Amino acid sequence: VIDLGGEAVKSSDYFGNVCVTEFKYGAKLGTVLRKWDGKRYFENGRDINDWVGPPNNDGVIKQVTINPGSTCGNNWICEHRWRQIRNMVMFRNVVDGQPFTNWWDNGSNQVAFGRGNRGFIVFNSDDWPLSLPLQTGLPAGTYCDVISGDKIGNSCTGIKIYVSRDGNAYFSISNSAEDPFIAIHAESKL
């Protein structure tokens, strides 16, 4: 939700439904950074603003190195390479143009919905586990959860979700899971 003021949709419209990601924080952070004068302030021989900018050695930007597992080294973060983000880009591409279907929520902070017969996602932002069958709208088969793992050939490094002939699948997400959501799509079918 953008919600920078004057929009028809506000983040508060969604508070009762799901955990809301809004861009207001980013706008405020941008204002703070624009006010930063770029000067270096040293205390005990260390620049207290060394958190600003890319990894460097005395102002010379460090080379981006790629570690095994596709993470970045040399103090680079490279969020775009994180499995969850990389795979959700693929999810978006697979479900692009599909209608929202099979909406479900528990009246609190557990939500699920499909995108046509191409994808299904389940979120658990409550303080208790989610454990129930849901209608996915997907064809029968075994799917790889692209949040907890990767589909590699016909195997999955994460959670496998079994969709029955009637399109239902059982989902179990702990409220203490590192990533409390599951996403499956047509291209993650094993």
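Computed from heavy atoms alone, side chains included, the values below leave out hydrogens, waters and symmetry copies. Worth saying up front: this structure is predicted, and the values here are computed from it rather than measured. We count residues from 1, following the sequence as given.
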inquiry  = For a 4.5 angstrom cut-off between non-hydrogen side-chain atoms, does F123 reach I173?
reply    = no
note = When every non-hydrogen atom of F181 is compared with those of I147, the smallest separation belongs to CE1-CD1, 3.3 Å
query = If every non-hydrogen atom of C144 is compared with every non-hydrogen atom of G149, which pair is closest and at what distance?
reply = SG-C, 4.4 Å
ask   = For L138 and Y143, what are the C-alpha separation, side-chain angles and deciding distance, and is it a side-chain contact (heavy atoms from CB on, under 4.5 Å)?
value = CA-CA 10 Å; L138 296 174; Y143 293 80; 3.7 Å; yes
ask   = For the hydrophobic clusters of this structure (ILVMFWY residues joined by side-chain heavy atoms under 4.5 Å, transitively), does one cluster hold both I184 and V94?
value = no
query = Between N75 and P55, what is the shortest heavy-atom contact and its length?
reply = O-CG, 3.2 Å
key: Check: N175 side chain, D127 main-chain N or O, donor-acceptor pair, under 3.5 Å   = yes
query = Do the side chains of M90 and S188 get nearer than 4.5 Å, heavy atoms only?
reply = no
ask   = Do T65 and W76 come within less than 4.5 Å of each other through their side chains, counting heavy atoms only?
value = no
task = Decide yes or no on side-chain contact (heavy atoms from CB on, under 4.5 Å) for V122 and N124, but give the supporting numbers first.
result = CA-CA 7 Å; V122 184; N124 181 12; over 6 Å; no
task = Consider only side-chain N and O atoms of N168 and S164, and report whether a donor and an acceptor are under 3.5 Å apart.
result = no
query = Is the shortest distance from a Lys or Arg side-chain nitrogen in R86 or D150 to a carboxylate oxygen in the other one below 4.0 Å?
reply = yes
task = For N102 and W104, test the side chains for any donor-to-acceptor distance below 3.5 angstrom and give the result as yes or no.
result = no
task = Heavy atoms only: give me the nearest A169-V163 pair and the separation to one decimal.
result = CB-CG2, 4.0 Å
task = Rounded to the nearest 0.5 Å, what's the gap from CD1 on I161 to CG on L134? Could you check?
result = 10.0 Å
message = To the nearest 0.5 Å, what is the distance between CG on N109 and CG on D126?
response = 4.5 Å
query = Got R83 and D179 here, is their nearest side-chain heavy-atom distance under 4.5 Å?
reply = yes
ask   = Should K160 and L190 count as side-chain neighbours, where that means a heavy-atom distance under 4.5 Å?
value = yes
message = Set out, in order, the CA-CA distance, both residues' side-chain angles and the distance that settles side-chain contact (heavy atoms from CB on, under 4.5 Å) for Q110 and W128, then state yes or no.
response = CA-CA 10 Å; Q110 295 175 346; W128 55 86; 3.5 Å; yes
ask   = Going by the angle between their ring planes, with limits at 30° and 60°, are F91 and H185 parallel, tilted or perpendicular?
value = perpendicular
key: K151 and E187, any side-chain heavy atoms less than 4.5 Å apart   = no
message = Distance to the ring centre below 6.0 angstrom and angle to the axis at most 45 degrees; does that hold for R115 and F100?
response = yes
task = Show your working on side-chain contact (heavy atoms from CB on, under 4.5 Å) between I121 and I182 and close with a plain yes or no.
result = CA-CA 6 Å; I121 190 163; I182 291 175; over 6 Å; no
request  = Supply the atom-to-atom distance N154 CG to I152 CD1, rounded to the nearest 0.5 angstrom.
outcome  = 11.5 Å
inquiry  = Any side-chain to backbone donor/acceptor pair from T136 onto F120? Under 3.5 Å, distance only.
reply    = no
inquiry  = Take a 6.0 Å sphere around CE of M88 and say whether it holds more than 12 heavy atoms from other residues, nucleotides or ligands.
reply    = yes
key: Side-chain donor-acceptor pair present, N106, S108, cut-off under 3.5 Å   = no
task = Might you point out which heavy atoms bring G158 and S148 nearest each other, and give the distance in Å?
result = CA-OG, 3.5 Å
ask   = Should V60 and D58 count as side-chain neighbours, where that means a heavy-atom distance under 4.5 Å?
value = no
task = State, to 0.1 Å, how close P133 and Y170 come at their nearest heavy-atom pair, and which atoms those are.
result = N-CD1, 3.7 Å
